[in-house]
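Just so it is clear: chains get the letters A, B, ... in the order the sequence lines come, proteins before strands, and each one is counted from 1.
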Amino acid sequence: MTRNFYQRVYALVKKIPTGKVATYGQIAALAGSPRGARMVGWALHVLPEPETKKVPWQRVINRKGIISTTCSDHPKDLQKMILESEGVEVKTKEDLFWIDLDKYQWKT
DNA sequence: CTTATGACTTTCA
DNA sequence: CTGAAAGCCATAA
């Protein structure tokens with residue numbers, strides 16, 4: 001079942017410690033699909049309502065450490081707010097946000 | 001069933 | 001080193 005993959009992604013994202021961030025590729029690799037980074041993003045995009053409150057999707061970003069959210073339902077401002085609230089230093093890059101992966105990337 | 005798109009990553013030129 | 005293209009998995013039309 002493909003849903004199993006989603007559950008894995010959600011579980012992994014939930015396991016991300018506060019004040020840390022993870023990349024799609026990392027989550028995808030841990031989920032079992034090293035090349036399923038896009039699916040991770042999609043998984044979070046179709047994230048169920050109740051899960052949206054439980055899964056820290058804001059801690060999941062792209063390989064560059066930049067928030068690529070193009071969805072209006074997931075405003076980057078909100079991510080920045082949450083991340084900063086959790087103690088993650090978010091740098092403002094023009095219209096995007098950049099996070100120091102070297103310092104805040106979740107290391108297994 | 002085939003084509004197109006997407007919160008991405010990696011590799012080739 | 002920088003830029004462009006292909007790849008991968010799943011969902012939507």
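One P atom belongs to C/dG7, the other to B/dT3, and the distance between them is 16 Å to the nearest Å. A distance of about 23 Å separates the P atoms of C/dG3 and B/dA7, rounded to the whole Å.
Close to C/dC9, at under 4.0 Å from its OP1 or OP2, lies no side-chain N or O of A/S33.
Side chain of A/Y6 to main chain of A/L44: no donor-acceptor pair is present (N/O by atom type, distance under 3.5 Å, no hydrogens or angles).
A/Q58 comes within 4.0 angstrom of nothing in the nucleic acid, heavy atoms only.
Salt-bridge annotation for A/E51 and A/K14: present, with a side-chain N of the basic residue lying under 4.0 Å from a carboxylate O of the acidic one.
Following rounding to the nearest Å, A/Y24 (OH) and C/dA10 (C1') show an atom-to-atom distance of 16 Å. Between A/R35 atom CZ and B/dT10 atom C1' the separation is 7 Å, expressed in whole Å. Separating the NZ atom of A/K64 from the C1' atom of C/dG3 is a distance of 11 Å, rounded to the nearest angstrom. Here the C1' atom of nucleotide B/dG6 and the CD1 atom of A/I61 are 18 Å apart, to the nearest Å.
Of all nucleotides listed (C/dT11, B/dT10, B/dA7), C/dT11 comes nearest to the side chain of A/Y6.
Residues from residues 36-46 of chain A placing a heavy atom under 4.0 Å of any atom in DNA chain C, listed by number, are A/R38, A/M39, A/W42.
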